[in-house]
Amino acid sequence: MPVSSDAAVDRDGDAPDGNITDGDSTDTESPPEDGLPINELFYSLQGEGRLAGTPSVFVRTSGCNLRCWFCDSYHTSWEPTHAWQSIDEIVDAVEGYDEANHVVLTGGEPLIHDAAVDLIERLDAAGYHVTVETNGTIHRDAPIDLASVSPKLSNSTPTAERDPAGDGEWAERHDDRRIDLDALTALVADYETQLKFVVADDGDLPEILDLLDRLRDAADAPIPDDRVLLMPEGATRERLAETRERVADLALEHGFRYTPRLHVDLWNDAPET
Ligand SMILES: C[S@@+](CC[C@H](N)C(=O)[O-])C[C@H]1O[C@@H](n2cnc3c(N)ncnc32)[C@H](O)[C@@H]1O
Ligand SMILES: Nc1nc2[nH]cc(C(=O)O)c2c(=O)[nH]1
Ligand code: SF4
Ligand SMILES: [Mg+2]
């Protein structure tokens with residue numbers, strides 16, 4: 001479902017209750033009580049992680065509490081656009097894809113929205129396998145089948161040189177928020193989890209190893225190395241061609257899994273893929 005509305009959600013994405021607001025003056029619509037701001041909803045192959053290759057319906061919410069400079073979903077984070085849809089409408093749209101029994105809830109950051117829990121509950125009740133793609137800064141109680149957690153390293157920080165929209169105004173807030181050990185620990189404890197790190201080069205590994213040490217200390221549940229995935233940074237085929245071999249070598253060296261970005265290989269950066 002292409003979303004043509006360009007109503008913007010709050011560009012801060014950080015209302016006190018953790019729910020994004022429609023406080024931005026460009027947003028003329030009132031959100032329905034049980035709804036979500038949907039950026040796109042489409043059918044594709046899961047491109048990343050343990051379930052790569054699985055036909056899945058993707059539900060992409062708008063709004064994020066972080067601002068990774070490399071975000072491949074710019075219109076959910078830096079410049080959020082959406083159309084509000086009720087949970088009923090979203091479930092109907094998902095059920096329209098007869099072939100799929102997997103749903104991927106992503107964003108933006110889907111877990112900033114209270115109503116994400118309602119949607120996951122409805123999809124679970126309808127028999128779907130539900131993967132949630134999350135940056136790991138928020139834990140919610142919901143019937144999630146796979147928590148696909150992508151904690152953000154310092155290589156994601158939108159410094160002035162890398163900021164796609166300004167001069168580094170978001171850098172400090174992003175850095176303060178990007179790792180929440182309590183939220184990560186709770187996600188790992190409660191759900192089948194994969195930890196999917198975006199990696200550009202070997203300078204990123206010490207940070208991953210340090211975070212894993214801290215998380216393994218804090219979590220009751222084990223975090224086996226095959227749940228740790230290194231994913232090459234790159235929103236385009238051209239950029240992936242620069243990063244993927246280095247990242248594959250790092251996965252071999254450390255005994256972590258490598259995950260491709262199948263959708264980028266197949267369809268480059270086309271929307272709804
Ligand atoms: C757009 S994010 C949405 C979910 C959530 N906000 C998160 O970051 O996990 C979906 C996935 O794309 C990854 N991602 C975003 N931009 C990327 C890029 N340029 N290269 C590689 N992975 C990227 C994220 O790390 C995450 O695993
Ligand atoms: N095909 C495909 N697979 C994906 N896996 C995670 C995605 C995401 O944006 O969260 C994604 C995506 O955008 N497309
Ligand atoms: S956390 Fe996810 S959606 Fe938010 S800016 Fe980073 S990659 Fe984009
Ligand atoms: Mg994506």
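Counting starts at 1 for both ligands and their atoms, following the listed order. Note that the structure is a prediction, hence the values are computed from the model and not measured.
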Taking non-hydrogen atoms only, is [X] closer than 4.0 angstrom to ligand 1 via side chain, backbone, both or neither?
X      : answer
Cys68  : neither
Val198 : side chain
Thr134 : backbone

Any donor-acceptor N/O pair, [X] side chain to [Y] backbone, under 3.5 Å:
X      : Y      : value
Arg261 : Leu240 : no
Ser73  : Thr76  : no
Arg67  : Ser77  : yes
His113 : Ser62  : yes
Asp204 : Asp201 : yes
Glu169 : Asp167 : yes

Going through the distances and angles, do His139 and Asp190 end up as a side chain to side chain donor-acceptor pair (under 3.5 Å)?
CA-CA 9 Å; His139 172 274; Asp190 284 358; 2.8 Å; yes
Short list, please: which atoms of ligand 1 are under 4.0 Å from a heavy atom of [X]?
X      : value
Gly234 : 18 (C), 19 (N), 20 (N), 21 (C)
Gly107 : 1 (C), 3 (C)
Lys196 : 27 (O)
Met231 : 13 (C), 22 (N), 27 (O)

Please say which of Leu211, Leu250, Leu229 ends up in a side chain to side chain contact (heavy atoms under 4.5 Å, CB included) with Phe197.
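For Phe197, the side chain to side chain contact (heavy atoms under 4.5 Å, CB included) test succeeds with only one of Leu211, Leu250, Leu229, which is Leu211.
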For [X], take its heavy atoms, then give the atoms of ligand 3 lying under 4.0 Å from any of them.
X      : result
Gly108 : 3 (S)
Asn135 : 1 (S)
Cys71  : 3 (S), 5 (S), 7 (S), 8 (Fe)

Answer with yes or no whether the hydrophobic clustering places Ile223 together with Val149; edges join I, L, V, M, F, W, Y residues whose side-chain heavy atoms lie under 4.5 Å apart.
yes
Regarding [X] and [Y], does a basic nitrogen lie under 4.0 Å from an acidic carboxylate oxygen?
X      : Y      : result
Asp72  : Arg239 : no
Arg122 : Asp88  : yes
Arg214 : Asp210 : yes
Glu207 : Arg178 : yes

Any nitrogen or oxygen of [X], main chain or side chain, under 3.5 Å from a nitrogen or oxygen of ligand 1?
X      : value
Arg261 : yes
Phe70  : yes
Lys152 : yes
Ser73  : no
Ser150 : yes
Ser148 : no
Cys71  : no

Which residue and atom name correspond to the protein heavy atom nearest [atom], and how close is it?
atom                    : answer
atom 3 (N) of ligand 2  : Gly47 N, 2.9 Å
atom 11 (C) of ligand 2 : Phe58 CE2, 3.6 Å
atom 5 (N) of ligand 2  : Gln46 OE1, 2.5 Å
atom 7 (C) of ligand 2  : Glu48 OE2, 3.8 Å

Answer yes or no as to whether an N/O/S atom of Cys68 is found below 2.8 Å from atom 4 (Fe) of ligand 3.
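Here the distance criterion (N, O or S atom, under 2.8 Å) is not met by Cys68, so no.
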Considering both backbone and side-chain atoms of [X], is one of its nitrogen or oxygen atoms within less than 3.5 Å of a nitrogen or oxygen in ligand 2?
X      : answer
Ser73  : no
Gly107 : no
Thr106 : yes

Quick test of your reading of the structure: of Lys196, Arg60, Glu133, Glu272, whose heavy atom lies closest to atom 12 (C) of ligand 2?
Arg60
Measure the distances from the heavy atoms of Pro232 to every atom of ligand 1 and state whether one is below 4.0 angstrom.
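Yes.
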Can Gly108 be said to touch ligand 1, with heavy atoms closer than 4.0 Å?
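Yes, Gly108 has a heavy atom closer than 4.0 Å to ligand 1.
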Under 4.0 Å from ligand 2, counting heavy atoms only, is it the side chain of Val104, its backbone, both or neither?
neither
When the ring planes of Trp78 and Trp170 are compared, do they come out parallel, tilted or perpendicular, using 30° and 60° as the limits?
perpendicular
Distance (rounded to the nearest 0.5 Å) between His254 NE2 and Leu212 CG:
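So the gap between those two atoms works out to 11.0 Å.
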Given Asp269 and Thr236, is the side chain to side chain donor-acceptor pair (under 3.5 Å) satisfied, shown in steps?
CA-CA 6 Å; Asp269 54 357; Thr236 62; over 6 Å; no
Begin from the C-alpha positions of Glu48 and Ser148 and carry the test side chain to side chain donor-acceptor pair (under 3.5 Å) through to its verdict.
CA-CA 9 Å; Glu48 307 167 11; Ser148 179; 6.0 Å; no
Is there an N/O/S atom in Cys64 that lies less than 2.8 Å from atom 8 (Fe) of ligand 3?
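Checking atom 8 (Fe) of ligand 3 against Cys64, no N, O or S atom falls under 2.8 Å.
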For ligand 2, is there an atom lying under 4.0 Å from some heavy atom of Leu45?
yes
